[in-house]
Amino acid sequence: MTDKVEQILKNLLQKHIVVTVKGKTVKKGKLIIFRTIGCFVRLEILNGTKQEHVEMPFPFQVSNNPLGTEYLFDYRLETLADGDE
């Protein structure tokens, strides 16, 4: 899963991104760099002249729309367990 997330983020470098959580915008701007720190990903985002960051854990599953313009990082427990109770 780590390789898939890193590949997605490499494709998004120097592009305008919007990070949302439950429909609310958390950060938006140009993705300038990302780092993996343990089991977290740290995104450095340039918003105008201000550089901001957001840290998030590695997702359990990643999906995208057919155009590849949106990525969904899934943190639900049922995706972690793959439907096995």
For this session: State, to 0.1 Å, how close Leu43 and Val41 come at their nearest heavy-atom pair, and which atoms those are.
Result: CD2-CG1, 3.8 Å
For this session: Please check if the side chain of Tyr75 supplies one atom and the backbone of Pro57 the other of a donor-acceptor pair under 3.5 Å.
Result: yes
For this session: Please check if Leu13 and Val62 belong to a single hydrophobic cluster, counting links between Ile, Leu, Val, Met, Phe, Trp and Tyr side chain heavy atoms closer than 4.5 Å.
Result: yes
Problem set entry | Distance-minimising heavy-atom pair for Pro59 and Phe73 | CB-CB, 3.6 Å
Seminar exercise, completed: The side-chain hydrogen bond (donor to acceptor under 3.5 Å, both in side chains) partners of Asn47 (sequence neighbours excluded) come to none
Exercise. Say you draw a straight line from CG of Asn11 to CD of Glu6; how long is it, rounded to the nearest 0.5 Å?
Worked result: 12.0 Å
Exercise. Do Ile45 and Val19 have side-chain heavy atoms sitting under 4.5 Å apart?
Worked result: yes
Seminar exercise, completed: One should read off an interatomic distance between Leu9 CG and Tyr71 OH, to the nearest 0.5 angstrom, of 9.5 Å
For this session: Scan residues 7-18 for pairs that pass salt bridge (Lys or Arg N to Asp or Glu O under 4.0 Å), counting only residues two or more places apart or in two chains.
Result: none
Seminar exercise, completed: In this structure, CD1 of Ile33 is separated from CD of Gln51 (nearest 0.5 Å) by 9.0 Å
Exercise. Rounded to the nearest 0.5 Å, what separation is found between the CG atom of Leu31 and the CD1 atom of Ile17?
Worked result: 4.5 Å
Exercise. At their closest point, which heavy atom of Lys27 faces which heavy atom of His53, and how far apart are they?
Worked result: CE-O, 3.5 Å
Exercise. For the hydrophobic clusters of this structure (ILVMFWY residues joined by side-chain heavy atoms under 4.5 Å, transitively), does one cluster hold both Val54 and Val18?
Worked result: no
Problem set entry | Any donor-acceptor N/O pair, Asp74 side chain to Gln61 backbone, under 3.5 Å | no
Exercise. Does any pair with a residue in residues 32-43 pass salt bridge (Lys or Arg N to Asp or Glu O under 4.0 Å), and if so which ones, sequence neighbours excluded?
Worked result: Arg35-Glu44, Arg42-Glu44, Arg42-Glu55
